[in-house]
Asker: 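Sharing a structure below in structure tokens format, with a few things to ask.
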Amino acid sequence: MTKTVLVTGGSGYIAGFLIRALVARGWHVNTTLRSLAREAEVRATLGVTQEALTFFAADLLDDAGWAEAVAGCSHVAHVASPFPAGAPKSDDELIVPAREGALRALRFAQAAGVSRFVLTSSVAAVAYGHGSDVRAYTEADWTDPTAPGVGAYIKSKTIAERAARDWVAAQGGAMEFCSVNPSAVLGPLLSADFSTSIQIVQRLLDGSMPGTPRLGFAVVDVRDLAELHVRALETPGLDGERFIAAGPFLWMKDVAAILRDGLGPQARKVPKRSIPDVVVRLLALFDSTIRQITGELGRTRAVDSGHALARLGWQTRDVPTTILDTAHSLIERGIVKV
């Protein structure tokens, strides 16, 4: 008998690849949208039939629609969470929907008799607020959301995962819970509606970034991330587990170099020079988005995905492939003119 899984946030970048991967493995997928006005658009983007994918209207901050969305599901992948490109006016703009959405999904999942709940968290809940500590962080590490310089998005992912785990421990009953904690998610696009992480490559390609600041991040391919979610949903005996999903740490200048080496003339706008820290800090005085990242200048935040490899046999494709596939997709869809 076909199993049914709820994937929340069906219009999202990660959710789209996860839905397609699950359907390919024989699952029936229920998914949520804030408005069913987007159903036809999202279904066309995903290329999944009505027999394999059912849409429900549900919002992270409202109970309406959740019981219907999770009815008949044995598994839930809670992917939906706010990730804006700019700085929010208040931390609560991100914290409240992230935390309350996770708790709402958990409550309705448990009431519906769901056996496995997988939360899409982030390395943001792992690798921040540790002071000058420089090492590869693991699933044993937790971000300190009260530490100086920890931004709203990082707080939201940390607080939401903590709240989810606390709720499961107190009220989860027999429902199994685990989390997947990805780094910056790159890869090909399904549509022009893509994740904030993709803007890193977009801005390097289109010339809107005049140079590369001393910023870095670990990268994970969206296709590999979808596969890790599938394994987290299907593999027995994972209750309480946490899986970092990330490849090696790269500086922005490394990403630029990969684009230049792999794209040739199409990378003519990719910057070759670096932006000194003092210039970034000066720009931050006038731009709240830049102000969010000044504390990351020169910081190495490597994370270790060894647990996902050892426990689930999960591996990532090489990072240049991911970055170049992202670039080709942006160019082919006309999002970046080269």
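In what follows, every heavy atom counts, from backbone to side chain, and hydrogens, waters and symmetry copies are set aside. These numbers come from a predicted model, not from an experiment. Residues take their numbers from the sequence shown, with the count starting at 1.
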Asker: So does D325 pair up with R223, basic N to acidic O under 4.0 Å?
Answerer: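 Answer for the salt bridge query: yes.
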Asker: Grouping I, L, V, M, F, W and Y whenever their side-chain heavy atoms are under 4.5 Å apart, do I331 and L189 come out in a common cluster?
Answerer: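 Linked within one cluster.
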Asker: If you look at every heavy atom in H28 and E51, which pair is closest and at what distance?
Answerer: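 Nearest pair, atom of H28 first, then E51: ND1-O, 2.9 Å.
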Asker: What's the shortest heavy-atom distance between N30 and A69, and which atoms?
Answerer: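 That would be ND2-O, 2.9 Å.
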Asker: Cluster question for you: counting only ILVMFWY and a side-chain heavy-atom cut-off of under 4.5 Å, with indirect links fine, are V76 and V230 together?
Answerer: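 Not linked; separate clusters.
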Asker: Any non-hydrogen side-chain atom of Y128 less than 4.5 Å from a side-chain atom of K157?
Answerer: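 Counting from C-beta outward, Y128 and K157 never come under 4.5 Å.
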Asker: How about CZ on R43, more than 12 heavy atoms from neighbouring residues, nucleotides or ligands closer than 6.0 Å, or not?
Answerer: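 Buried by this count: over 12 neighbours within 6.0 Å.
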Asker: Go through I19 and L22 one step at a time and tell me if the side chain to side chain contact (heavy atoms under 4.5 Å, CB included) criterion holds.
Answerer: CA-CA 5 Å; I19 289 168; L22 287 164; 5.8 Å; no
Asker: Does the side chain of S90 come under 3.5 Å of the side chain of D92 through a donor N or O and an acceptor N or O?
Answerer: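 Note: S90 and D92 side chains miss the donor-acceptor criterion.
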Asker: What I want to find out is whether R104 reaches E100 closely enough, with some N-O distance under 4.0 Å, to be called a salt bridge.
Answerer: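 So R104 does not pair with E100 through a salt bridge.
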Asker: Below 4.5 Å, heavy atoms only, C-beta onward: do F243 and H307 meet side chain to side chain?
Answerer: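 SC-SC contact between F243 and H307 confirmed.
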Asker: Taking 4.0 angstrom as the limit, do E161 and R165 come out as a salt bridge?
Answerer: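 Result for this pair is yes, salt bridge flagged.
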Asker: Between I200 and M252, does the side chain to side chain contact (heavy atoms under 4.5 Å, CB included) criterion hold? Intermediate values first, please.
Answerer: CA-CA 8 Å; I200 297 165; M252 195 81 80; 3.6 Å; yes
Asker: Quick check: closest heavy atoms across V79 and T8, and the distance to 0.1 Å?
Answerer: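 Heavy atoms only, the tightest pair is N-OG1, 2.8 Å.
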Asker: Report whether L309 and V123 are members of the same hydrophobic cluster (ILVMFWY, side-chain heavy atoms less than 4.5 Å apart, transitive linking).
Answerer: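 Cluster IDs for L309 and V123 differ.
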Asker: For G211 and P271, work out which heavy atoms get closest and say how close.
Answerer: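 Taking G211 first and P271 second, the nearest heavy atoms are CA-CB, 3.6 Å.
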Asker: Which heavy atom of D318 sits nearest a heavy atom of T321, and at what distance?
Answerer: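 Scanning both residues, the minimum pair turns out to be OD1-OG1, 2.8 Å.
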Asker: May I ask whether F177 and V118 are part of the same hydrophobic cluster, defined by side-chain heavy atoms of I, L, V, M, F, W, Y residues being less than 4.5 angstrom apart, directly or through others?
Answerer: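 Different clusters.
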Asker: For side chain to side chain contact (heavy atoms under 4.5 Å, CB included), just list the numbers for W27 and E234, CA-CA rounded to whole Å, side-chain angles, deciding distance to a tenth of an Å, and then say yes or no.
Answerer: CA-CA 11 Å; W27 288 81; E234 294 183 342; 2.8 Å; yes
Asker: Linking I/L/V/M/F/W/Y whenever any side-chain heavy atoms sit under 4.5 Å apart, do I14 and F217 land together?
Answerer: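 Yes, same cluster.
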Asker: Are the side chains of Q202 and I335 in touch, meaning some heavy atoms are under 4.5 Å apart?
Answerer: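 In contact.
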Asker: So, the side chain of E68 versus the backbone of F56: is there a donor-acceptor pair under 3.5 Å, distance only?
Answerer: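 No, because the side chain of E68 does not come within donor-acceptor range (under 3.5 Å) of the backbone of F56.
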Asker: With a 4.5 Å limit on heavy-atom distance, are the side chains of I244 and V126 in contact?
Answerer: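 Heavy-atom side-chain distance check passes, below 4.5 Å.
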Asker: Provide the closest heavy-atom pair for V255 versus L250 in the form atom of the first, atom of the second, distance.
Answerer: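 Heavy-atom minimum between the residues: CG2-CD1, 4.1 Å.
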Asker: Is the shortest side-chain heavy-atom distance between M175 and L106 below 4.5 Å?
Answerer: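 They are in contact (side-chain heavy atoms under 4.5 Å apart), so the answer is yes.
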Asker: Would E139 and N181 count as a side chain to side chain contact (heavy atoms under 4.5 Å, CB included) if you check the C-alpha gap in whole Å, the side-chain angles of each, and the deciding distance to 0.1 Å?
Answerer: CA-CA 9 Å; E139 288 84 357; N181 297 64; 6.0 Å; no
